Protein chains: 4
Amino acid sequence: MRTARAARADLRTRQVLRAAARLMGREGADAVSMQAIADEAGVSVGLIYKYFGNKQDLVLAITVQVLDDVAMSVPAAVDRAGDDAVLALAAGFRAYCETIDEHRHAAVLTYRESKTLGADGQSELKRREVATMKPLVGAVRRGIDAGLFTAVDAELMTYDLVMLAHAWALKHWYFERSFDLEAYVTHQTAIVLGGLIVPERRADYPALLRPSAAPHTTGGR
Amino acid sequence: MRTARAARADLRTRQVLRAAARLMGREGADAVSMQAIADEAGVSVGLIYKYFGNKQDLVLAITVQVLDDVAMSVPAAVDRAGDDAVLALAAGFRAYCETIDEHRHAAVLTYRESKTLGADGQSELKRREVATMKPLVGAVRRGIDAGLFTAVDAELMTYDLVMLAHAWALKHWYFERSFDLEAYVTHQTAIVLGGLIVPERRADYPALLRPSAAPHTTGGR
Amino acid sequence: MRTARAARADLRTRQVLRAAARLMGREGADAVSMQAIADEAGVSVGLIYKYFGNKQDLVLAITVQVLDDVAMSVPAAVDRAGDDAVLALAAGFRAYCETIDEHRHAAVLTYRESKTLGADGQSELKRREVATMKPLVGAVRRGIDAGLFTAVDAELMTYDLVMLAHAWALKHWYFERSFDLEAYVTHQTAIVLGGLIVPERRADYPALLRPSAAPHTTGGR
Amino acid sequence: MRTARAARADLRTRQVLRAAARLMGREGADAVSMQAIADEAGVSVGLIYKYFGNKQDLVLAITVQVLDDVAMSVPAAVDRAGDDAVLALAAGFRAYCETIDEHRHAAVLTYRESKTLGADGQSELKRREVATMKPLVGAVRRGIDAGLFTAVDAELMTYDLVMLAHAWALKHWYFERSFDLEAYVTHQTAIVLGGLIVPERRADYPALLRPSAAPHTTGGR
DNA sequence: AATGAATGAGTATTCATTCAT
DNA sequence: TATGAATGAATACTCATTCAT
């Protein structure tokens, strides 16, 4: 019975979270009333407050979810890619972009609403975002140590990658003219890894550096 | 007399704009009331509505100002740098970062409030942002044509640079631990141009590629 | 079995009543949620509604309890005091004050919440309050008829006594600086009976009219 | 112009205060919405918040007004009555009762809402209430010193008088059956002063001690 | 008998905007 | 021009009450 109840509660939580993410992602958190979220989720306003103490906490939960998903998918991709730092970094970046793509609107929400979240919420968000960088930083360092990458500032390099992943959400209105997700990832990979890999090893990764997937409209070059 | 009146109006406008930017930049546009702006600017609420039709327009004016400044400083820097595409691009990126730094809070505001601005405001903002890319795209194209740069997608490459300039505002809480503006610019220049310049020409730009200014704390590698 | 069940129900009722009185007495009825009462009483919200139809009824029950206790203790004290009207009145007043003291917070609640109780509740409360006066009015009348008391309006005189008993709860924040319950009762008795007893009979009640118990701080004179 | 504006503001304040007192006095503060007060006062909700920061402050203002009026009328009456402590006390009590009568509903409000007012509000209210006692305490002390009054605890005696004045509001539902204000005052005066004046001086104040105004219905004995 | 999840009506408060002066 | 008093729509949040289990 306890399990049944917990399961029910979990279901409700997800219901609300999904509804809120859908609505807030498009219009921004302020523009969406709790009533609207309740309606969309098919529950009552009161119940939302049972599960999330207030609107801020709900927004926080949505944004945390994105970072949580990143925190799952990126390390997994890096590990799956094996020892090669180039392949690992490429896989990690791809996974990051794909996860952002899945939560495109929620990812934008993070930038819109962070100030609203209060000091605690902001700290948590920052802490989690920095945490998502870890596996990528590791890959960059490995690459540098292995002589595969130019000796750049590993953390800065990684944050650049993270920004480019976020950019897929933030500047989607621009990129979608020329790229779909696949094209975006391959082109960015070519640009960034192309610059990062030391010249003498570039020939080893032809697939990464010559994006086969052409931009889907007229686009680049 | 007409001139005096216009000058007066202009002064008021700037007063209000500065006050609004200061307040909204820190707390977000929603958190700042028109009354608060009026108080900060030393004028009455009614007068703000004389100069800016409504709050949205005021926010728009603030964000447009940033892009206007970029639209001034970046081409100027590119032109000043002369024919060399590498130097031109570096100068343009530096100018972009410096301008963002001058309006750090307002730059963040752009990301926070764009959805609030209504379709018209958003379009204008997007149009202007794309316009700011033009001189940089030109430099990248020149570099590629001159055989100085790897043949990457010029527009994507440029937007990456723009994102990194914005990142100085967006992720300032993170970067300020390790970099001041100067260090940020030189390190990013090293990373990006280092990747972009074809290997055989890299030796020509030692100053750009070995950032002399070390990160101001321990910093990465 | 029926008895056991009834006893259980009775226990629950008292549990809830005590919890509600404790909570509401301090913070007022509105400030206390049914959930809080349920928690304090160690039962579920639903169960409270089984025993008391709604919140109003619960408040009514608390306030009625005070008057019920008064209705028990005062006549008993009056009767116990015997034929002497002076002693009877003094004993009745003392009992009234002592009962109020036992329910100090609940007594205040009566004044706070009576308007909330709806017409029916208010009527019942008024009816009961008037009823508590009866034995005291009787004592006053007896005293007047016996030539012990000045010929005052008996009902008004009695209500004054009742007010002074309530005042121990209502103005406790003030009186507690100078009096404990004992001192309060003896001083008030001295003032009121001292005025009420006809001059020529005062000498017969030295103990009542010279309060031995001094105010516990500087007090008197 | 400044005066005109201030006068206008003052008018508004009184408008709102009167409306709120009228409404809250009858139904209690919680039962009255700010909208209802605004409607009754003929102003907008927003304006109420300009003059009174929040609902609590409005309630406080209402209750303070009562005590302010008491603080004006009672000392004036005492002074006007001259040197005779008996007449002074009688005049002060009458003034107190009359002022309470003018604000009967607001006076009840004090008892209902004090807990709601927050620590600060409560303290202020208590401070002011105690202050209203001062002139009466003075009269009692003078009377005792002059050998006119029995040597009772002056402060307790005074608070009894204050309670009886409040009782006219608190128990109006009861007293109105038998008394109008005039009758209430004269009867209470007879009871209290009759008890307080030393026997040998009672004959000097026949008017005070034999209430000519009979209770307006049958009345008690 | 007992639970507590779910409901949704009700309200204080804020603030962009207007307009008489 | 310039003011700021006045407006009133909009919304987060609470909590008494119900009812399926």
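Labels below follow one simple rule: chain letters A, B, ... track the order of the sequence lines, proteins then strands, and each chain is numbered from 1. What you see below is based on every heavy atom in this structure, not just the backbone, and it leaves out hydrogens, waters and symmetry mates. Predicted model only: the values in this text are computed from it and were never measured.
Using a 4.0 Å heavy-atom cutoff across all strands shown, B/Phe52 reaches no nucleic acid atom at all.
C/Asp10 pairs by the salt bridge (Lys or Arg N to Asp or Glu O under 4.0 Å) definition with C/Arg14, not counting sequence neighbours. Under the salt bridge (Lys or Arg N to Asp or Glu O under 4.0 Å) criterion, A/Asp68 pairs with A/Arg128, sequence neighbours left out. The side-chain contact (heavy atoms from CB on, under 4.5 Å) search around C/Ser33 returns C/Gln35, C/Ala36, not counting sequence neighbours. By the side-chain contact (heavy atoms from CB on, under 4.5 Å) test, B/Arg26 is found to be paired with B/His105, residues two or more places apart in sequence or in another chain being considered. When the side-chain hydrogen bond (donor to acceptor under 3.5 Å, both in side chains) test is applied to C/Asp30, no partner is found at least two apart in sequence or on another chain. Taking the side-chain contact (heavy atoms from CB on, under 4.5 Å) definition, one finds that B/Val43 meets it with B/Arg12, B/Gln15, B/Val16, B/Ala41, B/Leu47, B/Ile48, sequence neighbours left out. Residues satisfying the salt bridge (Lys or Arg N to Asp or Glu O under 4.0 Å) test with C/Glu40, not counting sequence neighbours, are C/Arg22.
Sorted by first then second residue, the salt bridge (Lys or Arg N to Asp or Glu O under 4.0 Å) pairs that include residues 105-119 of chain C, not counting sequence neighbours, number zero.
Computed from coordinates, the A/Ile48 CD1 to E/dG8 P distance equals 13 Å when rounded to whole Å. Distance C/Leu23 CG to F/dA16 P: 12 Å, rounded to the nearest Å. The separation between A/Ile37 atom CD1 and E/dT7 atom C1' is 17 Å, rounded to whole Å.
Of the two residues near DNA chain F, D/Leu47 and A/Leu47, the one whose nearest nucleotide lies more 5' is D/Leu47. Nearest-nucleotide mapping onto DNA chain F: of A/Ala29 and B/Arg8, the residue sitting toward the 5' end is B/Arg8.
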Donor-acceptor pairs are to be reported for all side-chain atoms of residues 49-56 of chain D against protein atoms at under 3.5 Å, with residues two or more places apart or in another chain.
residue : atom : partner  : partner atom : Å
D/Asn54 : OD1  : D/Gln56  : N            : 3.2
D/Asn54 : OD1  : D/Asp57  : N            : 2.9
D/Lys55 : NZ   : D/Ala29  : O            : 3.0
D/Lys55 : NZ   : D/Val32  : O            : 2.7
D/Gln56 : NE2  : D/Thr116 : O            : 2.9

When you compare the protein's N or O atoms with those of nucleotides 17-21 of chain E, which come within less than 3.5 Å of each other, and at what distance?
residue : atom : partner : partner atom : Å
E/dT17  : OP2  : B/Tyr49 : OH           : 3.1
E/dT17  : OP2  : B/Lys55 : N            : 3.0

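Considering only the side chain of A/Ser44, E/dT7 comes nearest among E/dT7, F/dA2, E/dA1.
A sub-4.0 Å separation between OP1 or OP2 of E/dA1 and a side-chain N or O of C/Arg12 is absent. The phosphate of E/dC15 (OP1 or OP2) has no side-chain N or O of B/Ser33 nearer than 4.0 angstrom.
Annotated stems with DNA chain E as a participant read E:2-21 with F:2-21, given as range with range, by first number; only runs of 3 or more Watson-Crick or G-U pairs under 3.5 Å qualify.
Within a heavy-atom distance below 4.0 Å of DNA chain E, no residue of residues 113-121 of chain B is found.
Using bins of under 30°, 30° to 60° and over 60° for the plane-to-plane angle, the ring pair C/Tyr111/D/Tyr111 lands in the tilted bin.
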